[in-house]
Each structure stands twice: as C-alpha cells, then as structure tokens.
Amino acid sequence: MRIANASGFYGDRLSAAREMVDGGPIDVLTGDYLAELTMLILHKARERGGPGYARTFLAQMNQVLGACQERGIRVVTNAGGLEPARLAEDLRALIAHLGLRLTVAHIEGDDLLPYLGELAANGVPFPNTDTGEPFDAAAEPVSANAYLGGWGIAAALAGGADIVVCGRVTDASLVLGPAAWWHGWTGDAWDALAGAVVAGHVIECGPQCTGGNYSFLDELPDARVPGFPIAEVAYDGSSVITKHPGTGGVVSVGTVTAQLLYEIGTPAYTNPDVTAHFDTIRLTQQAPDRVRITGVKGMTGPHKLKVALNYRGGYRNSITLGITGLDVEAKAGLAEAQIFDTLGGRGRFESVDLRLQRSDKPAEQARTSEEATAYLHITVKDKDPDKVGQAFTAAVTGLALSGYSGLHATAPPTREVEFGVYWPTLIQDRYVDHVAVLPNGERVPIRPCRRPMGQALHLNAPAPPPRFVSDGMKRLAPLGLVCGARSGDKGGNANIGLWTRDERSYAWLCETLTVDTFQKLVPESSYLRVDRFELPNLLALNFVVHGLLGEGVAASTRADPQAKGLGEFLRSRLVEVPVEFLNG
C-alpha cells in the first residue's frame with residue numbers, strides 16, 4: 001500500500017495535501033501535526049476561545065476531499081490535538097457543505113488531564129523519565145496526553161471510516177495503523193509491525209527524508225523545495241521510501257539515514273504496539289528516489305505509554321542588547337550590574353539566564369559595526385507576572401542613556417509571556433482507555449497485544465566496533481567533511497545522529513568520536529550525561545545529551561531551543577582527519 005505524508009508539523013506547507021493527492025496514485029494520506037510543544041500551543045489557542053485542534057488541516061481537506069472520495073483515498077491524521085471529537089464534527093460539517101459522502105471516525109483515550117487526580121489518588125506516580133524526579137503535586141497541568149498506538153486507527157478503518165481523526169498517537173502510528181488494517185496483520189506480527197514503525201518514523205517529518213535539513217548539499221540535485229514522501233509498505237513490513245515524480249529533493253540512503261537518526265535514543269525504538277530494533281534495519285538504493293527498507297526486527301511493546309504532560313511554569317521576559325567594539329566583557333558586566341541593582345538583585349526572580357554571544361569579529365577585522373557586535377541575552381522567569389513584566393522592561397529601558405557606550409536593543413522591550421514546562425513521564429497501558437469511535441457512533445475498545453510468556457526475540461550479538469588503521473597523514477579539518485548529522489529534541493534532552501558514506505569512514509568515526517571527544521567538541525555537554533549508541537548497519541553513531549534543553553522547548557532560553565543546529569555545530573568542529581578522507 002502507498003501511504004503519503006502531507007504534514008510534518010503544525011504550520012507545514014499548506015499545499016502539500018493537494019500535491020500528494022494530485023501527484024500520483026496513493027492509498028492513504030496522512031498528516032502529522034503534533035510535536036511536544038504543539039499541545040501547549042493548542043491549549044493556549046483553546047484558552048483564547050479557539051479550537052484545540054490544528055485548524056490548517058480543515059483548509060487542506062477543503063482542497064482535496066472531493067478527489068479523495070473519487071479515488072478512494074483514506075485520510076489518517078493526528079490533527080485532532082486536544083479535541084479530536086470536535087475536529088471530527090467540524091470535518092463532517094465541511095463534508096456536508098461540499099456535498100460529499102465521506103465518513104469520519106475519531107480516536108479517544110489519550111487525554112489523561114481529567115483523570116490525573118484520580119490516578120494520583122490510586123497511587124499512579126508520574127516521575128520524570130529523564131531525571132527521576134517526582135511530579136510536583138502543586139503544579140497546575142494544562143495538558144496530559146498518552147501516546148497511543150495504531151490499532152485504534154486500524155479498527156476505525158475496518159469499521160468503514162474514510163477519515164480517521166486522532167489526538168496524541170505516536171507519529172509512527174499514522175503508518176502502522178493503516179498498514180495493519182490493509183494487510184490484515186495480527187497484534188503479534190512483530191517484525192511486520194516494526195517495519196511499519198520504521199517506515200512511519202522515516203516519513204513522519206515530511207521532506208526531512210527527501211532532502212530537507214540535509215547535511216550534504218552536494219547530494220541535492222536542485223534547489224527546489226523537496227517533495228513530500230511516500231512509504232510503500234509490503235505485507236512483510238518491508239517498505240520503499242519514495243516521492244512523486246518530478247518533485248524537488250531526492251530520496252537516497254543518505255536522506256533516509258538522516259531521518260532514521262532524528263530524535264531517537266537507544267537502537268531499541270519503543271512504540272506502544274512494538275519495539276523496533278533500529279540496529280537491524282537494512283537500506284538499499286533500489287532505483288533513483290527509491291530506498292528499500294528491510295530486515296527490521298521487532299518485539300512486544302513496553303506495556304507502558306509515554307505521556308506528554310505540560311504544566312504552567314510561570315512568566316518570562318527577555319531582552320537582547322548589542323555590545324559593539326571594545327571592552328565587550330566589561331560592558332556586559334556593567335549592564336548586568338545596573339539592571340539587577342535597579343530591580344533589587346537577581347534573587348528577586350525565580351530564574352535568571354544571561355548569555356553573552358561572542359560571534360563578533362575583532363574590531364580591526366570587522367568591515368561593519370554589525371560584524372564587531374556581540375549580543376547579551378537576558379531572560380528572567382517568575383510565577384509573578386509583575387516581576388518580569390513592566391518592572392523588568394523599565395529597568396532595561398532606563399539604561400538607554402545611562403548604560404555602557406553604544407548600548408542598543410535588537411528589538412523593542414516586550415510584555416511578560418506565560419510559559420509552560422514539559423514533563424515527560426510514563427503510564428502503564430492498563431490505565432488508558434484506548435477507544436475507536438466509528439462513524440456510526442459505535443465505540444470499539446482497543447486492547448494491547450502481548451508476547452506470550454516464553455517467547456523471546458533473538459537478535460544477533462552486536463558486532464564489535466570496526467578497527468581503523470591509518471595508512472597516511474592527518475590534518476586538522478571540520479568533522480563534517482567526513483560525516484553528516486541530524487539533531488533534535490526530546491523533552492529536555494538533545495540527540496545528534498552522525499553517519500558516514502562508507503565503512504572505512506565509519507570505522508574512523510567510531511574510533512575517534514568517543515563520548516570524551518564529543519564533550520570536548522561540544523563544551524556545553526561537558527558537565528552533562530552523554531550516551532553513545534552504535535548503529536553499524538547504518539554506518540552511524542547516535543549521541544544523547546541529557547538535560548541540555550532544560551525543561552523543554554517551551555521553557556528553554558536557548559537561541560536554538562530544539563537543538564536543530566547542534567549537529568551542524570558539531571560538524572563544524574576541527575579534528576585530526578586522515579588525509580585520505582579529504583582528497584575525494
């Protein structure tokens with residue numbers, strides 16, 4: 001079956017649904033709209049009186065529903081966000097307005113917010129999966145959603161739904177569910193299910209597997225925006241990743257590898273329905289823009305569901321000050337002293353973050369004043385909005401004529417804004433009522449499938465890391481001349497996946513890029529826990545930096561709160577590289 005993706009996040013290309021429907025034959029159109037931050041965005045939208053779902057989905061459906069009915073294309077999406085039932089109703093109204101005959105089902109059970117008190121009273125803990133900290137009973141949650149699997153989607157399609165609206169399911173469930181329904185898989189078809197999870201992970205972020213966000217610019221055939229991907233999923237769970245003919249970008253072993261490494265941890269990639277072992281994946285360039293995925297091994301799911309919980313963190317305010325020319329460090333210190341002296345000291349706030357960004361050139365080398373300018377970023381946080389609101393703004397504004405020489409802000413001062421804190425946790429699947437609500441209103445409960453006792457997954461023992469023996473000279477060069485990188489966020493953690501294009505380069509990378517070397521190349525990770533995982537089948541390493549992003553993207557004060565540029569930063573770092581890798 002051919003499953004096409006038309007969205008990788010809330011705000012993605014609006015024309016993608018029409019491009020995928022009109023570009024060639026497909027069986028299922030999917031759309032992924034939910035990141036960990038999105039649930040908080042949807043909560044704020046609902047607080048303002050709007051819907052708690054991704055409104056752009058309706059605009060996309062208005063363009064393609066007629067064609068979907070005519071061609072028998074099913075639609076599966078997690079655009080339901082916090083209100084899948086409401087989106088399903090609004091979708092039915094749109095279908096009626098267009099005079100179509102499509103049916104809509106939706107999935108329930110992921111929203112745990114109404115039950116948190118009851119669960120806590122029954123002794124269900126919600127410890128932070130990254131830090132082990134217990135959840136603060138005084139915190140005020142605004143969303144709590146369990147990541148559901150794909151069997152509710154399969155049941156809805158089997159129940160006659162043309163469109164299935166989900167809330168928080170795993171991204172890969174948008175592929176696993178339709179594939180399981182289409183091929184008639186049972187819940188213990190572990191390898192097939194694992195293969196579908198891998199295909200789902202590859203296409204979930206749309207054009208990130210067709211050349212978007214890709215390290216090796218020389219491998220991209222043109223400068224056009226990449227087309228969205230298609231996964232052709234076979235009965236045995238193997239798949240081919242491709243795209244419509246004539247669209248931009250490229251589908252190669254490299255682009256698929258890059259996406260496989262995106263936002264992962266250990267090679268055992270857990271989903272509610274199955275754990276897919278990424279160290280068993282085999283990639284083959286079958287033809288231009290066609291990459292075949294085979295060999296994926298799976299085992300039963302973890303019987304625990306990931307829960308994305310967001311709670312009110314307080315209020316924040318930020319300002320960025322430019323510091324030009326001489327005495328940058330002294331000027332930054334003066335600004336800090338004057339601002340917080342006016343405000344009554346740093347201790348007035350729950351949190352103060354100061355970052356001096358030294359990307360300025362020495363004055364004698366700079367050709368413009370902008371090139372000789374550093375930037376001081378100041379962020380304050382507190383539960384009390386008054387502390388970080390007008391009081392903070394006035395203290396900064398008051399320095400306009402009283403501060404260091406050349407003081408200027410990059411933007412006008414702003415008001416305080418509320419921020420949320422992301423709290424990753426787990427819950428036993430028996431506490432979650434996963435239900436498919438069919439087009440006729442029937443409610444179908446979904447029960448997890450478990451591997452019978454005594455059955456175990458047998459994997460080959462991991463091969464030892466390949467040895468690299470240098471037969472030539474080395475010179476200092478950027479790491480990125482040898483490997484590509486893809487980085488991203490998972491709550492407060494960041495991951496960087498790196499891959500090479502041949503086995504000899506991979507052997508060198510394994511030997512060279514130890515955790516200790518990684519921490520030296522990425523100094524901000526030097527005081528944090530860093531895990532390294534080897535994926536020799538992909539010629540790749542994956543590093544997970546725990547706690548780098550603090551309390552998650554919504555609360556982060558980093559300029560790059562989702563660590564999107566962290567991989568490219570690592571590629572730019574200088575290491576001793578064998579000359580043989582630099583002469584190609």
Side-chain angles (χ1 to χ4, degrees), residues 130-131 215-216 257-258 261-267 328-329 353-362 374-375 377 464-470 472-536 538-550 556-582:
D130 294 334
T131 66
S215 293
F216 297 121
T257 297
L261 297 172
Y262 183 60
E263 295 183 342
I264 65 169
T266 73
V328 169
E329 303 280 349
D353 184 88
L354 291 99
R355 297 171 186 260
L356 181 60
Q357 180 184 333
R358 293 301 307 266
S359 55
D360 53 306
K361 293 182 179 179
Y375 295 96
H377 307 284
R467 291 200 61 198
F468 177 79
V469 179
S470 177
M473 300 289 291
K474 295 181 180 181
R475 69 177 171 86
L476 210 58
L479 179 65
L481 296 182
V482 183
C483 62
R486 177 69 58 82
S487 58
D489 66 302
K490 274 299 179 187
N493 301 339
N495 95 291
I496 304 177
L498 303 111
W499 77 97
T500 65
R501 294 182 273 197
D502 60 71
E503 292 185 359
R504 185 160 173 79
S505 299
Y506 175 64
W508 172 81
L509 187 69
C510 282
E511 184 175 293
T512 301
L513 201 55
T514 63
V515 169
D516 182 61
T517 301
F518 177 95
Q519 290 180 309
K520 290 176 182 175
L521 295 175
V522 185
E524 59 187 322
S525 72
S526 60
Y527 61 95
L528 300 171
R529 173 186 157 197
V530 175
D531 294 329
R532 186 184 104 148
F533 303 102
E534 296 172 2
L535 294 146
L538 301 177
L539 303 180
L541 299 177
N542 184 45
F543 291 87
V544 178
V545 185
H546 294 262
L548 181 69
L549 306 180
S556 178
T557 58
R558 290 171 55 91
D560 178 18
Q562 293 178 291
K564 300 295 187 184
L566 193 60
E568 290 303 300
F569 171 71
L570 178 57
R571 291 184 71 233
S572 73
R573 306 296 277 172
L574 299 178
V575 294
E576 291 285 343
V577 177
V579 172
E580 65 177 279
F581 298 147
L582 304 176

Determine whether L356 and E329 make a side-chain contact, defined as any pair of heavy atoms from C-beta on separated by less than 4.5 Å.
yes
For T512, enumerate each residue passing the side chain to side chain donor-acceptor pair (under 3.5 Å) test, keeping only those at least two apart in sequence or located in another chain.
W508
Rounded to the nearest 0.5 angstrom, the CZ-CG distance for R573 and L476 is 11.0 Å
Could you tell me whether the side chain of F543 reaches within less than 4.5 Å of the side chain of L513, counting heavy atoms only?
yes
Looking at N493 and G547, would you say the former's side chain and the latter's main chain have a donor-acceptor pair under 3.5 Å?
yes
Return the set of residues passing side chain to side chain donor-acceptor pair (under 3.5 Å) with S526 (not counting sequence neighbours), or none when no residue passes.
none
For a quick test of reading the model, state the closest non-hydrogen atom pair linking I496 to G567 and the distance between them.
CG2-CA, 3.8 Å
Check E580 against R504 and note the closest heavy-atom contact, atom names and distance.
OE1-NE, 2.8 Å
Does a donor on one side chain sit under 3.5 Å from an acceptor on the other, for H546 and D130?
no
As an exercise, state the distance from CG of L539 to CG of L498, rounded to the nearest 0.5 Å.
12.5 Å
Of all heavy-atom pairs linking L574 and P478, the shortest is CD2-N, 3.6 Å
Per-pair distances, 0.1 Å, donor-acceptor, side chain in residues 479-486, under 3.5 Å, sequence neighbours excluded:
residue : atom : partner : partner atom : Å
R486    : NE   : N213    : O            : 3.1
R486    : NH1  : Q208    : O            : 3.4
R486    : NH1  : Q259    : OE1          : 3.1
R486    : NH2  : Q208    : O            : 3.2
R486    : NH2  : G212    : O            : 3.2
R486    : NH2  : N213    : O            : 3.0

Euclidean distance, L582 CG relative to M473 CE, rounded to 0.5 Å:
12.0 Å
Report the distance from atom NZ of K490 to atom CD1 of I264, rounding to the nearest 0.5 Å.
10.5 Å
Side chains of E568 and S215 in contact at under 4.5 Å (non-hydrogen atoms):
yes
When rounded to the nearest 0.5 angstrom, what is the spacing between CG in D516 and CZ in R532?
11.5 Å
Side-chain donor or acceptor of N542 paired with backbone N/O of G265 under 3.5 Å
yes
Are the side chains of W499 and L538 in contact, using a 4.5 Å heavy-atom criterion?
no
With a 6.0 Å cut-off (strictly less than), is the heavy-atom count around CD of E503, excluding the residue itself, greater than 12?
no
Who passes side chain to side chain donor-acceptor pair (under 3.5 Å) against K474, sequence neighbours left out?
none
Would you say R358 has more than 12 foreign heavy atoms packed within less than 6.0 Å of its CZ?
yes
Report yes if the side chains of H377 and T557 come closer than 4.5 Å at any heavy-atom pair, otherwise no.
no
Heavy-atom closest pair, residues V328 and A374:
CG1-CB, 3.8 Å
If every non-hydrogen atom of L521 is compared with every non-hydrogen atom of F569, which pair is closest and at what distance?
O-CE2, 3.7 Å
Beyond-backbone contact of L535 with L261, side-chain heavy atoms, under 4.5 angstrom:
yes
I'd like to know if the side chain of Q562 and the backbone of G488 have a donor-acceptor N/O pair within less than 3.5 Å.
no
For E263, does its backbone N or O pair with a side-chain atom of N495 as donor and acceptor, under 3.5 Å?
yes
K520 vs V575, side-chain contact (heavy atoms from CB on, under 4.5 Å): CA-CA, chis, key distance, verdict:
CA-CA 11 Å; K520 290 176 182 175; V575 294; over 6 Å; no
Output yes when a side-chain donor or acceptor of D560 lies under 3.5 Å from a complementary backbone atom of G565, and no otherwise.
yes
ring-ring contact (aromatic ring centres under 6.0 Å, His included) involving Y262 - partner list, sequence neighbours excluded
none
Trace of the side-chain contact (heavy atoms from CB on, under 4.5 Å) decision for E534 with L541
CA-CA 5 Å; E534 296 172 2; L541 299 177; 3.7 Å; yes
Out of curiosity, Q519 CD to L528 CG, how far, rounded to the nearest 0.5 Å?
8.0 Å
For Y506, the ring-ring contact (aromatic ring centres under 6.0 Å, His included) test, sequence neighbours excluded, returns none
For L548, is there any backbone N or O sitting under 3.5 Å from a side-chain donor or acceptor partner on R558?
no
